[in-house]
Undergrad: 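For reference, the structure I am asking about is given below.
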Amino acid sequence: MNQWPFLLEQICKVKYIVAKSQINYVYQTMESFNILQQWLSGDKKLGIPKAEISPSVEIIDDPVTGRSLFATSSIQRHEKIITIPHTYLLNFITIIKHLEAWNPDLKGHGLNYGQIYVPRYSKQDEDSAGVSQIYRSFKLDEILSLSSFQLVSLYLVLEKERGKLSFWSPFINVLPDYNDLRFMPFTWLVKNTNSIIFPLLPDSIQKHCQEQLERFNKDYKVVSELIHRHTLPTTSSNLKVLSKDDFLWAWLCCNSRCLYMQLPKKLNKTIDDNFTLVPYVDFLNHHVDDHCGIEITNHQGFLVNTQDASYHKNDQIYFSYGGHSDEFLLCEYGFMFDLGINKYNSLNLTDYIVEFMSPIHIEFLKKEGYFDDYTCNENELSFRTEIALACVQEKPVEFAEGGCPRSLRLFIDGFTDGECYKVNSGVLAKDAIRKIKGCSENKIKQLHGLKRVDKDIVDMAIKTHEKIIKIADHIQLPNVGDNVLD
Ligand SMILES: C[S@@+](CC[C@H](N)C(=O)[O-])C[C@H]1O[C@@H](n2cnc3c(N)ncnc32)[C@H](O)[C@@H]1O
């Protein structure tokens with residue numbers, strides 16, 4: 001029997017379904033952008049403030065950078081393009097304000113940050129999942145003891161559960177889903193995916209991910225235990241055991257979208273707690289160079305200004321997340337730039353340099369604040385690396401009784417540029433770089449050999465090694481003979 005007409009019909013059907021689902025996706029996305037903008041336009045009668053968004057700015061779903069801000073007409077330097085009042089910022093303070101409205105026992109600690117509108121929650125805002133009951137049973141001490149990451153992530157999970165009843169639903173609906181962040185290798189550890197590819201990533205990325213996993217697991221444990229203490233017979237089964245996937249989604253939203261905001265001193269929080277989520281502003285993608293500037297004021301809220309950048313129609317509007325390497329961007333934000341773009345890329349030489357050290361060297365470097373984090377970029381070794389390499393060239397006995405060789409002391413204190421160490425440091429660094437490059441070449445071969453695994457993820461893993469090889473090939477170091485420590 002001729003199968004072709006049947007196959008052709010099936011192919012057409014699949015194409016039709018794919019096209020239809022793409023149209024649906026575009027429609028739903030645009031719809032959710034409209035709802036977000038409507039929400040941000042406030043309500044004078046209810047006293048909900050209005051965000052100011054320049055008509056020269058629009059949200060576009062870009063195939064490479066995801067939801068992004070673009071200029072609809074030219075924008076000059078130093079133009080204020082976005083102002084988001086405190087009411088719409090999601091952070092420790094606004095969450096406590098909303099929880100207070102459910103639970104008067106949480107009141108009375110006098111926390112404030114600008115004017116924050118909070119709905120007057122009533123019977124009709126109760127949700128069937130039991131979230132409002134959980135809010136009512138919280139104690140002030142246990143909420144204040146949470147870190148910002150723990151509280152904001154928990155609150156996002158709970159408010160998502162409240163669906164349309166949540167004040168935050170227009171914002172929650174435009175947050176990324178897990179698939180948008182699937183390139184973040186740390187998520188593979190949580191979800192037990194890509195387990196063949198993970199060990200083929202550079203060691204430095206694997207180490208970064210293990211640290212993220214530790215932080216995540218700690219936050220998940222604290223928050224799960226809290227929820228467990230507050231579940232009631234009426235709480236939905238979905239919440240009784242806080243799902244790890246849901247918490248991961250919320251935790252990733254915080255990790256990839258948080259912006260610096262100093263919390264009041266009386267909260268006694270750490271530097272890492274000083275953040276807020278900011279609807280709309282969080283559509284700004286990262287650029288290696290400075291673009292827009294952000295500022296937070298008590299009175300107006302969160303402001304975005306073009307600073308020294310100007311934009312033409314259809315230009316993407318960016319903001320620099322900081323001087324981060326591609327490895328950092330991949331681990332923390334789930335993306336990397338193409339080869340040759342990121343001037344902040346570096347090689348992590350730490351493990352290889354530590355191998356050259358005796359315990360006495362390590363003790364000395366720790367005391368001086370120069371232990372760990374040894375890197376180089378395409379042009380040079382970092383100062384920390386130079387100090388560590390100079391140190392290992394000194395015999396351990398030279399450090400007896402807390403002493404320090406004179407040349408090394410002068411170098412550390414900036415009185416010399418460590419010229420006497422340079423050649424041998426170059427040899428040692430070269431040895432470390434050669435080993436790292438060899439390791440990357442080997443892993444690339446193994447990655448090419450993988451069959452039937454997600455091609456995008458494998459390509460991304462290969463790219464991480466190509467960046468390492470590029471730095472290793474480019475850096476110029478003095479070339480003299482053999483191991484200088486012999
Ligand atoms: C603050 S959000 C920016 C909005 C984001 N594009 C979205 O779709 O929601 C940060 C995330 O955007 C993406 N991103 C930011 N800058 C990027 C860039 N230059 N290239 C590719 N993706 C980028 C990454 O997924 C990152 O985790």
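Any value given below was found using the heavy atoms of this structure, including those in side chains, with hydrogens, waters and symmetry copies removed.
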Undergrad: Roughly how far apart are Ile462 CD1 and Lys455 NZ, rounded to 0.5 Å?
TA: 8.0 Å

Undergrad: What pair of heavy atoms forms the shortest contact from Phe167 to Trp39, and how long is it?
TA: O-NE1, 3.1 Å

Undergrad: Are any non-hydrogen side-chain atoms of Trp188 and Cys209 less than 4.5 angstrom apart?
TA: no

Undergrad: Gln206 and Leu200: which non-hydrogen atoms are nearest, and at how many Å?
TA: NE2-N, 4.3 Å

Undergrad: Any side-chain heavy atom of Asn305 within less than 4.5 Å of one from Ile294?
TA: no

Undergrad: Any side-chain heavy-atom pair from Glu295 and Val304 closer than 4.5 angstrom?
TA: no

Undergrad: Give, for atom NE2 of His324 and atom CE of Met336, the distance between the pair rounded to the nearest 0.5 Å.
TA: 15.5 Å

Undergrad: Side chain of Asp180, backbone of Asp177: donor and acceptor closer than 3.5 Å?
TA: yes

Undergrad: Over all heavy atoms of both residues, which pair between Ser153 and Ala250 is shortest? Give the atoms and the distance, please.
TA: O-CB, 3.3 Å

Undergrad: Can you name the side chain to side chain contact (heavy atoms under 4.5 Å, CB included) partners of Asp454, sequence neighbours left out?
TA: Arg182, Asp456, Ile457

Undergrad: Give a yes-or-no answer on whether the side chains of Asn345 and Ser325 include a donor-acceptor pair shorter than 3.5 Å.
TA: no

Undergrad: Do you know the tightest heavy-atom contact between Gln262 and Lys265?
TA: NE2-NZ, 4.3 Å

Undergrad: Check the pair Phe186 / Trp251 against ring pair (Phe, Tyr, Trp, His ring centres under 6.0 Å), numbers first and verdict last.
TA: CA-CA 12 Å; Phe186 136 76; Trp251 200 87; 5.3 Å; yes

Undergrad: With distance as the sole test, does Asp473 use its side chain to make a donor-acceptor pair with the main-chain N or O of Lys470 at under 3.5 Å?
TA: no

Undergrad: Could you go step by step and tell me if Phe328 and His208 meet the ring pair (Phe, Tyr, Trp, His ring centres under 6.0 Å) rule?
TA: CA-CA 8 Å; Phe328 183 94; His208 190 134; 5.7 Å; yes

Undergrad: Around atom NE2 of His228, are there more than 12 heavy atoms from other residues, nucleotides or ligands closer than 6.0 Å?
TA: no

Undergrad: Let me confirm one number: the CD1-CD1 distance from Ile317 to Ile81, rounded to the nearest 0.5 Å.
TA: 4.5 Å

Undergrad: Indicate yes or no for a side-chain donor-acceptor contact from Thr385 to the backbone of Cys376 under 3.5 Å, with no hydrogens or angles considered.
TA: no

Undergrad: Any donor-acceptor pair under 3.5 Å linking the side chain of Thr87 with the backbone of Tyr117?
TA: yes

Undergrad: Can you tell me if CD1 on Ile341 sees more than 12 non-hydrogen neighbours from other groups inside 6.0 Å?
TA: yes

Undergrad: Under a plain distance cut-off of 3.5 Å, with no hydrogens placed, do Tyr374 and Ser382 share a side-chain donor-acceptor pair?
TA: no

Undergrad: Just by distance, do the side chain of Ser68 and the backbone of Gly66 share a donor-acceptor pair under 3.5 Å?
TA: yes

Undergrad: Determine, step by step, whether Glu327 and Ser204 satisfy the side-chain hydrogen bond (donor to acceptor under 3.5 Å, both in side chains) criterion, reporting the C-alpha distance in whole Å, the side-chain angles of both residues, the deciding distance to 0.1 Å, and the verdict.
TA: CA-CA 8 Å; Glu327 284 196 1; Ser204 42; 2.9 Å; yes

Undergrad: Just checking, any donor-acceptor pair under 3.5 angstrom between side chains of Tyr121 and His98?
TA: yes

Undergrad: Name each donor-acceptor pair under 3.5 Å that joins a side chain in residues 271-280 to protein atoms two or more places apart or in another chain, with its distance.
TA:
residue : atom : partner : partner atom : Å
Asp273  : OD1  : Ser148  : N            : 2.6
Asp273  : OD2  : Thr270  : N            : 3.0
Asp273  : OD2  : Thr270  : OG1          : 2.9
Asn274  : OD1  : Leu263  : N            : 2.8
Thr276  : OG1  : Leu90   : O            : 3.4
Thr276  : OG1  : Asn91   : ND2          : 3.0

Undergrad: For Ser256, give me all partners under side chain to side chain contact (heavy atoms under 4.5 Å, CB included), at least two apart in sequence or on another chain.
TA: Leu181, Tyr333

Undergrad: Does NZ or CZ of Lys244 lie under 6.0 Å from the centre of the six-membered ring of Trp249, at an angle within 45° of the ring axis?
TA: no

Undergrad: So which pairs with a foot in residues 214-224 pass salt bridge (Lys or Arg N to Asp or Glu O under 4.0 Å), sequence neighbours left out?
TA: Lys221-Glu225

Undergrad: Can you measure from CD (Glu368) to NZ (Lys366) and round to the nearest 0.5 angstrom?
TA: 14.0 Å

Undergrad: Will you find, in the side chains of Asp308 and His291, an N or O donor that is under 3.5 Å from an N or O acceptor?
TA: no

Undergrad: Is the shortest side-chain N to carboxylate O distance from Asp127 to Lys164 below 4.0 Å?
TA: no

Undergrad: Tell me yes or no: between the side chains of Glu142 and His230, is some donor less than 3.5 Å from an acceptor?
TA: yes

Undergrad: Let's go through Trp168 and Tyr88 carefully: what are the C-alpha distance in whole Å and the side-chain angles of both, what is the deciding distance for ring pair (Phe, Tyr, Trp, His ring centres under 6.0 Å) to 0.1 Å, and is it a yes or a no?
TA: CA-CA 8 Å; Trp168 304 97; Tyr88 302 104; 7.8 Å; no

Undergrad: With rounding to the nearest 0.5 Å, note down the distance linking CD in Gln150 to CZ in Phe92.
TA: 9.0 Å

Undergrad: Got a sec, which residues hit side chain to side chain contact (heavy atoms under 4.5 Å, CB included) with Lys343, two or more places apart in sequence or on another chain?
TA: Asp289

Undergrad: Under 3.5 Å, is there a donor-acceptor pair linking the side chains of Tyr135 and Gln133?
TA: no

Undergrad: Quick one: which of Leu158, Val157, Val222 gives a side-chain contact (heavy atoms from CB on, under 4.5 Å) with Ile227?
TA: Leu158

Undergrad: Please determine if Glu159 and Arg162 form a salt bridge, counting it only when a charged side-chain N lies under 4.0 Å from a carboxylate O.
TA: yes

Undergrad: Salt-bridged, Lys160 to Asp246, with N to O below 4.0 Å?
TA: no

Undergrad: Answer with yes or no whether the side chains of Gln300 and Thr83 bring together a donor and an acceptor at under 3.5 Å.
TA: no

Undergrad: Which residues pass the side chain to side chain contact (heavy atoms under 4.5 Å, CB included) test with Asp373, sequence neighbours left out?
TA: Thr375, Arg384

Undergrad: Could you grab the distance from atom CD1 of Ile172 to atom OG of Ser32, nearest 0.5 Å is fine?
TA: 13.0 Å

Undergrad: Does the Lys269 side chain pair with the main chain of Leu146, one donor and one acceptor, at a distance under 3.5 Å?
TA: yes

Undergrad: Could you check, using the six-membered ring where one of them is a Trp, whether Phe138 and Trp102 have ring centers closer than 6.0 angstrom?
TA: no

Undergrad: Compare all side-chain heavy atoms of Leu330 with those of Met184 and state whether any distance is below 4.5 angstrom.
TA: no

Undergrad: Would you please say whether a donor-acceptor pair under 3.5 Å links the side chains of Gln316 and Asn285?
TA: yes

Undergrad: Are the side chain of His86 and the backbone of Thr297 linked by a donor-acceptor contact shorter than 3.5 Å?
TA: yes

Undergrad: With ring pair (Phe, Tyr, Trp, His ring centres under 6.0 Å) as the test, pick out the partner of His286 among Tyr344, Tyr318, Phe337.
TA: Phe337

Undergrad: Please report the C-alpha distance between Ser73 and Ser56 in whole Å, then the side-chain angles of each, then the deciding distance to 0.1 Å, and finally whether the side-chain hydrogen bond (donor to acceptor under 3.5 Å, both in side chains) criterion is met.
TA: CA-CA 5 Å; Ser73 58; Ser56 310; 3.2 Å; yes

Undergrad: Please check: side-chain N/O of Arg257 versus main-chain N/O of Asp282, any donor-acceptor pairing under 3.5 Å?
TA: yes

Undergrad: Taking atom types as modelled and ignoring hydrogens, do the side chains of Asn255 and Glu332 form a donor-acceptor contact shorter than 3.5 angstrom?
TA: yes

Undergrad: Look at Arg136 together with Asp105 and state whether they make a salt bridge at an N to O cut-off of under 4.0 Å.
TA: no

